[in-house]
Amino acid sequence: MSAAGRYRVAWSSISRYQRSVSCAGVELPQCGVAHGPVASRLADQRGLTMTMNLTQRLLHALRERGATEVFGIPGDFALPLFLEIERSAILPLHTLSHEPAVGFAADAASRARGGLGVAAVTYGAGALNLVNAVASAYAERVPLVVLSGAPAAHEAASGLLLHHQVKTLDSQWRLFEELTCDRARLQDVSRAPAQIARVLDAALAQSRPVYLEIPRDRPAMACEAVPRSEAPAVDGERLAACAEELLTRLRSAERPVLMAGVEIRRYGLEAQVAELARRLDISVVTSFMGRGLLTGHGVALAGAYLGLAGDPDVSALVENSDGLLLLGVIVSDTNFAVSARRIDLRRAIHAYDGDVAMGHHVYHGLPLAALVDALLERVPARPDRPAPAAAVSGGGATLDDAPVQPSDIAAAINALHAEHGALPLACDVGDCLFTAMDVHATELIAPGYYATMGYGVPAGLGLQVATGKRPIVMVGDGAFQMTGWELGNAARLGCDPIVVLFNNASWEMLRTFQPEGRYNDLGNWDFASMAAGMGGDGCVVRTRRELAAALERAHATRGRFQLLDVRLARGVLSPTLARFVGAVKRLSMPGSAST
Ligand code: S1T
Ligand code: MG
C-alpha cells in the first residue's frame, strides 16, 4: 500500500480512535476530539501531519496481524499502557482475575480465530505469573504476544532496588528469552516501529510467542507508523524440488497416509490441506494434538492417531504406511509415545517448522503454506469427487439412571451436537482431554502436548470473546480448582460457556499411573452451588438421564454460564485414557521397547 494509502488507513483509524474520546482538546477536521498527548502533536488544519503515540501504533500493528482484543491485568508499571489501550479503543481490553488465565485466554483466542493473541501484564509479579502459559504457547506453536510494563529508564538508573524486581532489572528480560522466538524493549521510540514490526512478524512466521517490554514513560510518546508485514522470501527452486520429490514418494507408495498436525491450524491452512487431501485421494488422520483439525472441511477423516491408546484400525493405517506424510505434526511423546511400532521417520515425509525432511535429507526454509501451495499447483483438482458429508454421530447416548462415566459424557455431547449443531470444545488436561477424543466432528482447543492444567475455563472465555462462538468447556475438578473461578468474569466478558466438570474428587489421571498415593484425594467440592455466586447456573449430575437433561437445559439457556458438576466414581476412566495408561505401563516394562 502506498504511503498515501497507509496514511489514509492511519487517518481513518485515528478518526475512529478520536471519535471514542470525549474530553477537552483540539477539534479535528472530519472526526471527533483528540486527547492529551495526541492533541499536542496534531497537525494544524493545513498540514494534517498526524502523529499517533506508541500504544496506538502498536495496537494498529497488532490488529493488522490478526489480533482482535487484548487480555490483561495491569500494575503500576503498566498503568500508562492500559490507559492508552483503553482510550485508543483500537482493540478491546478484557481483564481477568489471574495472569495464567490471561495467557490461556489470549492463547485460545489465537488458536480459535487465527492471528496474534495478546496478553498485557505488569512487570515482575504479573509477567512472571504468565510464564507457564507462555511456555505452553511456545511448545504448542501459538503466536502469543506478551506486552509487559517495565520501570522507566530514570527509575532503573535510580540505584534503588525496585519493587517487583527479581535478581536484576534484566531478570525478566532474560527469562522471556527462553519462552519466545523474539523480543524487544521499546526504550527508544524512534526505533520502536521497526522493532515492533520485526517482533510481531516473527511471531506470525514462526507461530510462537514474542515479548515486548514497554517502560512506563513510553506508551503516550509520539511514534511513527509500524511497517506492514513482509511475507518471508522463499527459494522457488528449492520449493519446486521439494514438492516434486515429495509427490514422487507419495505416488510410489502403496499405502500413503496424510497426518494433519497443529501447524495446519496455526498457519490457517485447513481448507488448502483438505483440498490437497481430496486431490491426492489419500487416507487422512490427525495427530493426537491435531484432533479437531479439518472439521467441516469436507475431508473423510479416518480418525486421530493415538497408537496403542486409539482405534486399532487408525493405528494400523499409520504404522503400516509406506508413505506417511506428516504435515505440521509435532513429533512428541504425546503424539507418538504409545506407538505399537516405532514409526521409522526416515521413511516418512515430515514438514514442520519450516523444514521438510525426507529420507536422509532436509529442505530448509520452506514455510508450510508455501509447500502446500506448491503441491496444489502440481496435483490436479478432482471435480468429480464431491466432498464427503461431515460424519456427525448422535447415537449412543443412553438415557437411564446408571451413574455417569466419562464415555457417557462424550456420547451425550455428540447427541447434543447432532440435535443442535456442533459447539467448539475448550478442554483442560485430565481424563476430560481423553474423553474429548470421542467427541466427533467439532473444533477442539487443548494443550495436548505441553499438558498444563488450568487451560480449559480461561480458554473457553478467550474462544468466545475472539470468535463469538459459545463453547463447551471440559475440565476436571483438579484443573477447575486452579482457574475455574475465572467464570466469575464470564458475564462481564459477555460469555456464557457450557462447562462440563468431571468431578471425581481426585487427581485421577495421576492415580491411574500411581494408585498408592493418598495425595491424589481432593475432597468433595460442591462446585454446582458455587455457580450462582459467580453469575451462572450450576447443577449436580449423577445419572445419564440427568446428564442429557442438564445439557439440553444448558444449551437452551443463554446469557449465563452453565456449570454441570458431573459426579464420577473414582477409578472410572474414559476408554482412551484406560488404553493410554495400559500402553504406557506395557511399553515401560523392561525389554518391551516398541519395535
Ligand atoms: N500442574 C499443572 C499446572 N499441570 C499439570 N499437568 C500437572 C500439575 C500434573 C497433572 C497431570 S494430570 C493431573 C495433574 C495434577 C491431575 C488432573 O486432575 P483433574 O483435573 O481432576 O482431572 P482428572 O481427575 O480427570 O485426572 C498431567 C499428567 O501432567
Ligand atoms: Mg479429577
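Whatever order the structure lists ligands and atoms in, that order sets their numbers, starting from 1.
- Scanning all protein heavy atoms for the shortest distance to atom 29 (O) of ligand 1 gives Ala451 O, 4.3 Å.
- Cation-pi geometry between Arg141 and Tyr352 is met: under 6.0 angstrom from the ring centre, within 45 degrees of the axis.
- Taking distance alone, with nitrogen or oxygen atoms compared against 3.5 Å, Met482 stays at or beyond that limit from ligand 1.
- Side-chain N or O atoms of Thr442 include one that pairs as donor or acceptor with a backbone N or O of Leu423 at under 3.5 Å.
- Between the Mg ion (ligand 2) and Met509 there is no N/O/S contact shorter than 2.8 Å.
- In terms of modelled atom types and a separation under 3.5 Å, the side chain of Glu546 and the main chain of Arg542 share a donor-acceptor contact.
- Ligand 1 places these atoms under 4.0 Å from at least one heavy atom of Gly430: 22 (O), 25 (O), 26 (O).
- In this structure, CG on Leu179 lies 11.0 Å from OG on Ser136, to the nearest 0.5 angstrom.
- Judged purely by distance below 3.5 Å, without hydrogens or angles, the side chains of Gln172 and Tyr211 pair a donor atom with an acceptor atom.
- The shortest N or O to N or O distance between Ser506 and ligand 1 is below 3.5 Å.
- Side-chain atoms of Arg265 never come within 3.5 Å of backbone atoms of Gly290 as a donor-acceptor pair (strictly under, hydrogens ignored).
- The protein atom (non-hydrogen) at minimum distance from atom 18 (O) of ligand 1 is Trp507 CD1, 3.3 Å.
- In summary, Arg185 and Asp170 engage in a salt bridge, as defined by a charged side-chain N under 4.0 Å from a carboxylate O.
- Gly478 N, 3.5 Å is the protein heavy atom nearest to atom 19 (P) of ligand 1.
- Among all protein heavy atoms, the one lying closest to atom 20 (O) of ligand 1 is Ala479 N, 2.9 Å.
- A perpendicular orientation is assigned to the rings of Phe77 and Tyr123, their planes being inclined by more than 60° (bins at 30° and 60°).
- For the pair Leu522 and ligand 1, the shortest N or O to N or O distance does not fall below 3.5 Å.
- Each of the atoms 3 (C), 4 (N) of ligand 1 lies under 4.0 Å from some heavy atom of Thr452.
- Within the listing of ligand 1, atoms 21 (O) sit less than 4.0 angstrom from a heavy atom of Asp477.
- The nearest N, O or S atom of Asn503 is not closer to the Mg ion (ligand 2) than 2.8 Å.
- Note on Glu213 versus Arg183: no salt bridge recorded, every NZ/NE/NH1/NH2 to OD/OE distance being 4.0 Å or above.
- The Mg ion (ligand 2) lies closest to atom OD1 when only the N/O/S atoms of Asp477 are considered.
- Annotation: angle subtended at the Mg ion (ligand 2) by Ser506 O and Asn504 OD1 is 90°, to 10°.
- Within the 3.5 Å criterion, the main-chain N or O of Thr543 finds no donor-acceptor partner in the side chain of Asp401.
- Nearest to atom 13 (C) of ligand 1 among the protein's heavy atoms is Met453 SD, 3.5 Å.
- What sits closest to atom 11 (C) of ligand 1 on the protein, heavy atoms only, is Leu510 CD2, 3.9 Å.
- Looking at Arg111, Lys469, Arg291 one by one, the single match for salt bridge (Lys or Arg N to Asp or Glu O under 4.0 Å) with Glu443 turns out to be Lys469.
- Ligand 1 has no N or O atom lying under 3.5 Å from any N or O atom of Cys432, backbone or side chain.
- In this model, a donor atom of one side chain and an acceptor atom of the other lie less than 3.5 Å apart for Ser97 and Asn489.
- Considering only non-hydrogen protein atoms, atom 25 (O) of ligand 1 sits nearest to Asp431 N, 2.9 Å.
- Among protein heavy atoms, the minimum distance from atom 26 (O) of ligand 1 is reached at Met509 N, 2.8 Å.
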